[in-house]
Amino acid sequence: MELNFDGLMKTMEKAALSERGAAERVKEAQGKKARVKAATSWEDRWKQIFGMSKFKSGLDRQRAERVKAAVENGVLGMDVPPEKITGKLVSEKFRELELAEKNEKIAKLLKSKPDNYRLIQTEDQFKALLADLRHEPAFAFDTETTGVDVYQDVIVGVSLTLPRAGYHVYIPVAHNNAGPQLRRSYVLNGLKRYLTDPTVGKVLHNAKFDIHMLLRHGMRMRGLAHDTMIAMKILNENEPSVALKNLATRYGKFFGFDGESHTFEDLFGKACFADVPLDMALIYAAKDTHLTWELYKWQMEHLTKREDLLKLYRELENPLVDICVEMEQTGFAVDTAFAQEYGEELKGELAEVEKTLVAHFGEINFNSPAQLAEVLYDRLGLPQGKERSTDVKTLKGLKGRHPGIEPLLKYRELTKLLGTYVEALPHQLKADGRIHGSFNQVATVTGRFASREPNLQNLPPRARRLIVAPKGWLLLGIDFSQIEPRILAHMSGDPHFREPYLKGEDLYSTLAARVFKVPLSECGDGSKYRKMMKIGLLAVMYGTSMFTLSEQLGISVEEAHRFIEGFYDEYPDVYAFIKDTWEFVKKNEYVATLYGRKRRFPGHREQAIVYDQLAAKICKALGTERVPLDFWSNKGIPKDLKRKFGAVKGEVERVRRMAVNARIQGTAADIMKRALLNLYEYTRARGWKINGTVHDEALLLVRDTITLAEVEELEACMVRAAELEVPVKVDTEIMARWGDGVKKGEYKWVA
DNA sequence: GGCCCGAGCCAC
DNA sequence: AAACGTGGCTCGGGCC
């Protein structure tokens, strides 16, 4: 636990963790249903269904109309005749409530204006501000904009908090129908030397957004000292919302903000900030930087108590913000002609397959699992699992049973490729004809990047081919080879496991030969032993159950168990690594990566203690060393033990899997982030760009005059990012089209 | 018509 | 009772 306020954090983190649990959501939904049922009036019912705080859009008015209709038709079955609804349309009533609620919040907001919030509207006021800014080694900064599209919207005002001078300002520059305002260019020019000076610290909440917005107006901000959104995720990766106002509402009492802080949407709904009156805008916007600064100080209290986290934040996450901005700004070029052509080709294929499917199954929607299940299991009487699933695995199992299955699988493949990628990507182009997705450095609990709008990390090979390098440029893909097993080799310290890497042998072949006790010559590329070993090692790292592993390998559960036991016998330190992780997370409720990133599991200790105690009792009762694989069907386990153990088994084992995985996957993520920093330094000096990252691969945009020596220097940037006691290897692909390149040895170098 | 969720599936 | 970790997108279908 990083933050001191144990009770609060514990509750918070528990809530956050449970939010991830589907069971909790179901329970919540059931509770909601019950409350709705119990509501005695239409108003109550509305509240329960939508929540009073959510009155904001025209959409809700539409809903309201429907509620009214439902009331009138007696559908809701309530004893509230329509005429009793205050004589007005329901929608009007809601509009009234909505307005009243908003106005109340806004009135409260206006009344709350502190004396040190200042509106800057004249040149004199602005010059006085700049004079004070000269004495600030660091300040908080924020932009207000017409919207959240960083490639379309514009800045309508900026706010600053000057901590030494002790006041907070909002400078409107493009508000509609408002009082006197300075011009945007004048204000940005005045602030430029402070915003671009790397030695003047800027503190922002979600700096990436503001850096993009400043770039819209031709300014490159430098000198990000602290990003409170990112730091929050480092302090608590389970934080459910890192929206500034939500953090203020939740933690504000620890840094001087009592009561609720309303989000923009709460106060202004879908309005454009340019239309917000200046007095209101001041309080809202100046509060943003004010909050950001206080949150920053509070976060620093906690970070300084945890040197490892401070280091992780300062040296890794904070400088990465600039790289995220660069990746997003760079974007990906799409070969639209190829996309068009390929799309047509796929559509042609799809039409053929559809014809076949109609002949087999009739005119149904083949995209609908429900309709499909009805045809497959009810009409055609194919053998159904208990779940009537229509997923690929199930369908493959039914292949021999019906001639329509094969084309159905083909249909799935084609619609996925076409609908999710080939047709979708060209729609994502921005004004400059490139795709600018967003990369989020703190979206995952393990530290990996996430990518969205579109997700460029899950393009299948065939869709990657739509992405090309612009003329005069090349795409460079440098990926870490087997980074996760290498991390396991390093962290476990297992000398036998490290051996193949140190000797330059193939990992899986060597492992397979040892575990299966067959000559190395029988474990070469493509051999069944090597294949099994590869899956087996993945199972070890991901904590796969013996049941799943047996299915994957097509062997019995007992055989799978013997296989993994055999592996642990040969590599005892790997086993110890896993057991140590379990012990550590039981004791500390967190695990850490090689570079200090933490994943916390609040509340695990208690459950793990129960788990271990009950496991010991079961072993004693059975006279075995471990809880048997057939725990659930085992008749020898006393009923009450079975019930009690069953209650904690799933969750404890889940945490243990996540903990082991977080150490390995998280360390790999750290290494990639370190690599990106090295690459950024190298490419920036040459005007090249970092394009993106796909977990163990860095994508770069480089000039086509690049030399072999330069490629090798880029590779060195990657390799030296990993400080492992086993060699680290990278592979580079040189491409004009993503996924269609050559290895550096095969490339025809210009120079 | 938008929101939400599950099923299914793509990547590493 | 549940069986593999981390994500995001599309679709159908239910909701109002």
In whole angstrom, give the distance that lies between atom [atom1] of [X] and atom [atom2] of [N].
X	N	atom1	atom2	value
A:K649	C:dA3	NZ	P	9 Å
A:M541	C:dT6	CE	C1'	13 Å
A:D630	C:dA3	CG	C1'	14 Å
A:R597	C:dG5	CZ	C1'	16 Å
A:I535	C:dG5	CD1	C1'	16 Å
A:L488	C:dG5	CG	P	17 Å
A:R656	C:dA3	CZ	P	15 Å
A:L549	C:dG5	CG	P	14 Å

Side-chain N or O of [X] less than 4.0 angstrom from OP1 or OP2 on [N]?
X	N	result
A:R462	B:dA11	no
A:R448	C:dG7	no
A:N365	C:dG12	yes
A:Q371	C:dG13	yes
A:S451	C:dG8	no
A:R599	C:dT6	yes
A:T390	B:dG8	yes

Task: Donor-acceptor side-chain pairing of A:Y611 and A:E653 below 3.5 angstrom - done: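 Yes - a donor-acceptor pair under 3.5 Å links their side chains.
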TODO: Considering only atom P, compute the distance from B:dG6 to C:dA2 and round it to an integer number of Å.
DONE: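 After rounding to an integer number of Å, I get 15 Å for this pair.
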Picking from [options], which would you name as closest to the side chain of [X]?
X	options	value
A:S389	B:dA11, B:dG8, C:dG5	B:dG8
A:S368	C:dA3, C:dG12, C:dG7	C:dG12
A:T444	C:dG8, C:dG5, C:dT6	C:dT6
A:R654	B:dC10, C:dG8, C:dG5	C:dG5

Within the 4.0 Å heavy-atom criterion, would you say [X] contacts the bases, only the backbone, or no part of the nucleic acid?
X	answer
A:E551	nothing
A:Q457	sugar-phosphate
A:V660	nothing
A:R452	sugar-phosphate
A:E453	sugar-phosphate
A:R464	sugar-phosphate

- [ ] With sequence neighbours excluded, give me every salt bridge (Lys or Arg N to Asp or Glu O under 4.0 Å) pair touching residues 538-548 of chain A.
- [x]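 Qualifying pairs: none.
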Open item on the list: Salt bridge check, A:K673 against A:E317: does any charged N sit closer than 4.0 Å to a carboxylate O?
Closed with: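 So A:E317 pairs with A:K673 through a salt bridge.
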Open item on the list: Please list, in numerical order, the residues of residues 407-429 of chain A that have a heavy atom closer than 4.0 Å to any atom of DNA chain B.
Closed with: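 Hits under 4.0 Å, by residue number: A:R412, A:K416, A:Y421.
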Task: Set of residues satisfying ring pair (Phe, Tyr, Trp, His ring centres under 6.0 Å) with respect to A:Y575, sequence neighbours excluded - done: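 Result, ring pair (Phe, Tyr, Trp, His ring centres under 6.0 Å) vs A:Y575: A:Y568.
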Task: pair A:R452-A:N440: side-chain heavy atoms closer than 4.5 Å - done: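 The answer is no, as the side chains (C-beta and beyond) never meet within the 4.5 Å cut-off.
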Task: Chi angles and distances behind the side chain to side chain donor-acceptor pair (under 3.5 Å) call for A:T394, A:D391 - done: CA-CA 5 Å; A:T394 310; A:D391 65 12; 2.7 Å; yes
Task: Side-chain donor/acceptor contact of A:N367 with base of C:dC11 under 3.5 Å - done: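 Flag unset: no donor-acceptor pair detected.
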- [ ] Give a yes or no on this: more than 12 heavy atoms of other residues, nucleotides or ligands lie within 6.0 Å of atom NZ of A:K531.
- [x]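 Atom NZ in A:K531 is not packed in, count stays at 12 or less.
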- [ ] By nearest nucleotide on DNA chain C, pick out whichever of A:F631 and A:H695 is the more 5' one.
- [x]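 Final value for this comparison: A:F631.
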TODO: Check A:F577 against A:S492 and note the closest heavy-atom contact, atom names and distance.
DONE: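 Between these two residues, the closest heavy atoms are CB-CB, 3.8 Å.
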Open item on the list: Quick check with a 6.0 Å cut-off and a 45 degree axis cone: is A:R486 positioned over the face of A:F480's six-membered ring?
Closed with: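 No, cation not above the ring by the 6.0 Å, 45° rule.
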